[in-house]
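Structure, as structure tokens:
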Amino acid sequence: MSGDIWFISTGKFGALCLEKLAGKIKFTRIITGQPTRSGRNNQQNISEVEKTARELNLNDIIIRTGRLSENQDLLNIFNAQTPDLIFVIDFGQIIREPFLSSPKLGCINIHPSLLPELRGAAPIQRALLQNFKYTGVSVFKLTQEMDAGKIFAQEKFLIPENFTAQDLYKTLSEIGSDLAVEVVKKLPDCDFEIQDDSKATYAPKIEKHEHELNFEMTALDFVNHVRALNMSGGAYVVLKNNKRLKIVKAVIQNASGNSGTLLEISSEHNPVIACREKSVELLEIQPEGKKILTGSQWLNGMRLKTGDII
């Protein structure tokens, strides 16, 4: 697919879309965020999109940027040769003029929800946290209003019971990328649907406090948090010894009892712990500062018995 097409993105969903799109669309520039730094050694971490672009041997078209609207070098490039179309996916910045309207075919976005449902930063996580049975993906035209532009294509997706955020990121990026390729083939004459703003719901970013779980939650809410947060640091409980225990994988069980009580040991030798409603079997966990263990490995190390309070 020819033309002067830019790709602007930073995050994991954008990186997965780039991986799928790059074989079908020839991007002339890939714009991504500056590296971040973390850890004791102040290690430099390039964006997920830059990692993927390098893996695809697209190093020569990568441009790093801070605030897009303040990048004069990039504005000069843009003004000298305005692209025909810009993909903006999972970028984390508001796209302003002249980038928004100057391209002949505008800016398009792949958003992992059935817009106008779940506009905002965390549609995949919020769909799981709210126990949605269905979600989907939308390809739409970017406007100044957040995720509010006309929709070119949508596809609904039934969420499998065991799907995590990571699973949805991968699946919806693949579906959305395929839809986007078909949309680009039809532009500027692609059919579209205007969003009904009165039906809009929102998916704000995940806050730090939402990662902490407790056994006063229902088992359904507990497990949905584990599924939803597995790509953003994970969900954890604070044990009686004030140590954090990250919950990597858990499933609902029907046993019931006082919240936080070890009710039984499952047939797989994992702990089954009571919640406010039903219970959860801990399949995989990660003690603070240690590697991931199966629930049974952790249970053996803790020397817990049924009836103990976790």
Side-chain angles (χ1 to χ4, degrees), residues 1-39 42-96 98-100 102-112 121-124 137 139-140 142 165-185 187 231-232:
M1 198 167 295
S2 60
D4 190 0
I5 303 176
W6 289 17
F7 187 89
I8 300 181
S9 179
T10 294
K12 183 63 176 178
F13 186 74
L16 290 167
C17 289
L18 176 62
E19 184 177 0
K20 181 77 172 177
L21 290 167
K24 299 179 180 180
I25 295 176
K26 182 177 174 57
F27 294 109
T28 53
R29 303 201 184 270
I30 295 172
I31 318 299
T32 191
Q34 296 283 2
T36 59
R37 293 192 175 274
S38 64
N42 204 25
Q43 179 179 344
Q44 179 174 277
N45 305 299
I46 62 174
S47 76
E48 293 291 336
V49 166
E50 183 169 344
K51 287 180 192 175
T52 298
R54 289 184 177 188
E55 290 167 2
L56 295 169
N57 295 317
L58 299 173
N59 306 45
D60 57 334
I61 62 170
I62 297 170
I63 299 176
R64 296 172 175 175
T65 187
R67 192 175 296 278
L68 191 67
S69 58
E70 297 175 2
N71 188 330
Q72 192 58 54
D73 290 340
L74 188 57
L75 282 165
N76 291 341
I77 293 170
F78 181 89
N79 290 328
Q81 187 175 350
T82 302
D84 300 311
L85 174 67
I86 301 178
F87 277 78
V88 182
I89 306 169
D90 192 14
F91 185 49
Q93 293 187 36
I94 296 172
I95 303 299
R96 305 184 187 279
F99 299 100
L100 188 62
S102 295
K104 180 172 62 177
L105 300 175
C107 298
I108 65 171
N109 183 292
I110 301 172
H111 186 78
I124 285 176
V137 64
V139 179
F140 72 100
L142 215 62
Q166 185 171 7
D167 298 320
L168 277 179
Y169 266 67
K170 180 171 175 56
T171 299
L172 296 182
S173 68
E174 291 173 350
I175 295 171
S177 296
D178 287 340
L179 288 177
V181 168
E182 294 307 308
V183 166
V184 172
K185 288 178 182 177
L187 290 174
M231 286 187 68
S232 51

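Of all non-hydrogen atoms in Ile62 and Glu50, the two that sit nearest each other are CD1-CG, 4.0 Å. Of all heavy-atom pairs between Asn71 and Leu74, the closest is OD1-N, 3.0 Å. When all heavy atoms of Arg29 and Ile77 are compared, the pair lying nearest together is NE-CG2, 3.4 Å. Across every non-hydrogen atom of Leu56 and Ala22, the tightest pair is CD1-CB, 3.8 Å. Smallest separation of non-hydrogen atoms from Ser173 and Leu16: OG-CB, 3.3 Å. Summarising the geometry of Ile89 relative to Ser9, their closest heavy-atom pair is O-OG, 2.5 Å, with the distance given to 0.1 Å.
Residues Phe13 and Ile110 form a side-chain contact, since some pair of their non-hydrogen atoms from C-beta on lies under 4.5 Å apart. Side-chain contact between Val88 and Trp6: absent, with no pair of heavy atoms (C-beta onward) separated by less than 4.5 Å. Under the 4.5 Å side-chain criterion, counting only non-hydrogen atoms from C-beta, Thr10 is not in contact with Gln93. Taking 4.5 Å as the limit, some side-chain heavy atom of Phe78 sits within range of a side-chain heavy atom of Ile86. Side-chain contact between Arg64 and Ile46 is present, with heavy atoms from C-beta onward closer than 4.5 Å. Using a 4.5 Å cut-off on side-chain heavy atoms (C-beta onward), Lys170 and Glu174 make contact. Taking the side chain as every heavy atom from C-beta outward, Pro98 and Leu75 approach each other to under 4.5 Å. You'll find the side chain of Thr52 stays beyond 4.5 Å of the side chain of Glu48, heavy atoms only.
Within a 6.0 Å radius of CD1 in Ile94, no more than 12 heavy atoms belonging to other residues, nucleotides or ligands are found.
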query = Under the side chain to side chain donor-acceptor pair (under 3.5 Å) criterion, do Thr32 and Ser47 qualify, and how do the steps go?
reply = CA-CA 7 Å; Thr32 191; Ser47 76; 2.7 Å; yes
ask   = Passes side-chain contact (heavy atoms from CB on, under 4.5 Å), Phe99 versus Leu142? Steps please.
value = CA-CA 10 Å; Phe99 299 100; Leu142 215 62; over 6 Å; no
ask   = Checking side-chain contact (heavy atoms from CB on, under 4.5 Å) for the pair Asp178/Lys24: CA distance, chi angles, key distance, verdict?
value = CA-CA 9 Å; Asp178 287 340; Lys24 299 179 180 180; 3.4 Å; yes
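Once rounded to the nearest 0.5 Å, the distance linking NE2 of His111 with CG of Leu172 reads 10.5 Å. Note that CG of Leu100 is 8.0 Å distant from CD1 of Ile95, once rounded to the nearest 0.5 Å. Leu187 contributes atom CG, which lies 6.5 Å from atom CG of Leu85 (distance to the nearest 0.5 angstrom). Here CZ of Phe87 is found 5.0 Å from CZ of Phe27. Values are rounded to the nearest 0.5 Å. Gln81 contributes atom CD, which lies 13.5 Å from atom CG of Asn76 (distance to the nearest 0.5 angstrom). With rounding to the nearest 0.5 Å, the separation of OG in Ser177 from CD in Glu19 is 9.5 Å.
Remark: of the listed residues Val139, Leu105, Ile108, Ile108 is the sole one forming a side chain to side chain contact (heavy atoms under 4.5 Å, CB included) with Val184. Applying side chain to side chain contact (heavy atoms under 4.5 Å, CB included) to Phe7 and the options Ile31, Leu21, Ile25 leaves one that passes, Leu21.
Asp4 places no side-chain N or O within donor-acceptor distance of the main-chain N or O of Asp84, the cut-off being under 3.5 Å. A distance-only check finds a donor-acceptor pair linking the side chain of Thr28 to the backbone of Ile5 [under 3.5 Å]. A distance-only check finds no donor-acceptor pair linking the side chain of Thr171 to the backbone of Leu168 [under 3.5 Å].
Residue pairs meeting the salt bridge (Lys or Arg N to Asp or Glu O under 4.0 Å) criterion with at least one partner in residues 85-96, sequence neighbours excluded, are absent.
Every residue two or more places apart in sequence or in another chain was checked for a salt bridge (Lys or Arg N to Asp or Glu O under 4.0 Å) with Glu55, and none qualifies.
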